[in-house]
Amino acid sequence: DAIFYGSVAVSPLLNIFKYNALAGDDQLYGVEPASYYAKNLVLNLTPFVVVAALVAPLTNLFAARQLAPAIVWLATLLARPHKEERFTYPAYASF
């Protein structure tokens, strides 16, 4: 890889993180408001599931533990200006 890229490629994941999060180059592909993910979650999961996912952690510790990874993932996505629906797919497994 070093011959073709001109530097040692330690990890493809690290390179993606550096490009998108540290350099901010993900804005080149378009930006969306934070409501973009809320709209897509309601369309893909139905409003009942979204409301249940928001209320369940308040009433049940087990549900809070199950949904914590999805909440962290979605919070991370909300912080990024470039948004795509495919980025939310890993969170769907928690719902």
Side-chain angles (χ1 to χ4, degrees):
D1 289 342
I3 294 170
F4 292 105
Y5 293 117
S7 65
V8 177
V10 177
S11 165
L13 183 59
L14 178 62
N15 290 340
I16 291 169
F17 177 76
K18 287 185 342 188
Y19 180 82
N20 289 317
L22 299 180
D25 290 335
D26 58 345
Q27 295 178 12
L28 296 173
Y29 302 102
V31 296
E32 295 288 339
S35 61
Y36 177 83
Y37 286 133
K39 178 183 70 173
N40 279 306
L41 284 173
V42 170
L43 290 173
N44 291 324
L45 296 176
T46 74
F48 176 75
V49 173
V50 174
V51 170
L54 293 173
V55 173
L58 301 174
T59 60
N60 186 345
L61 184 60
F62 177 75
R65 280 192 237 136
Q66 289 295 106
L67 291 173
I71 292 168
V72 169
W73 182 254
L74 293 174
T76 304
L77 292 177
L78 284 172
R80 303 301 315 148
H82 176 67
K83 295 173 176 48
E84 291 185 33
E85 183 179 356
R86 66 187 173 108
F87 297 160
T88 60
Y89 294 162
Y92 291 166
S94 297
F95 295 115

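Below, all heavy atoms of this structure are taken into account, side chains as well, without hydrogens, waters or symmetry copies.
- One finds the CZ atom of Arg80 at 10.0 Å from the CZ atom of Phe87 (value rounded to the nearest 0.5 Å).
- Leu43 and Tyr36 fall into different hydrophobic clusters, where Ile, Leu, Val, Met, Phe, Trp and Tyr are joined by side-chain heavy atoms under 4.5 Å apart, directly or via other members.
- The minimum heavy-atom distance between Thr88 and Trp73, with the atom names listed, is CA-NE1, 4.3 Å.
- Here the CG atom belonging to Leu78 is positioned 6.0 Å from the NZ atom belonging to Lys83, to the nearest 0.5 angstrom.
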Run the side chain to side chain contact (heavy atoms under 4.5 Å, CB included) test on Tyr37 and Glu85 for me, step by step, so that the C-alpha distance in whole Å, both residues' side-chain angles and the decisive distance to 0.1 Å come before the verdict. CA-CA 7 Å; Tyr37 286 133; Glu85 183 179 356; over 6 Å; no
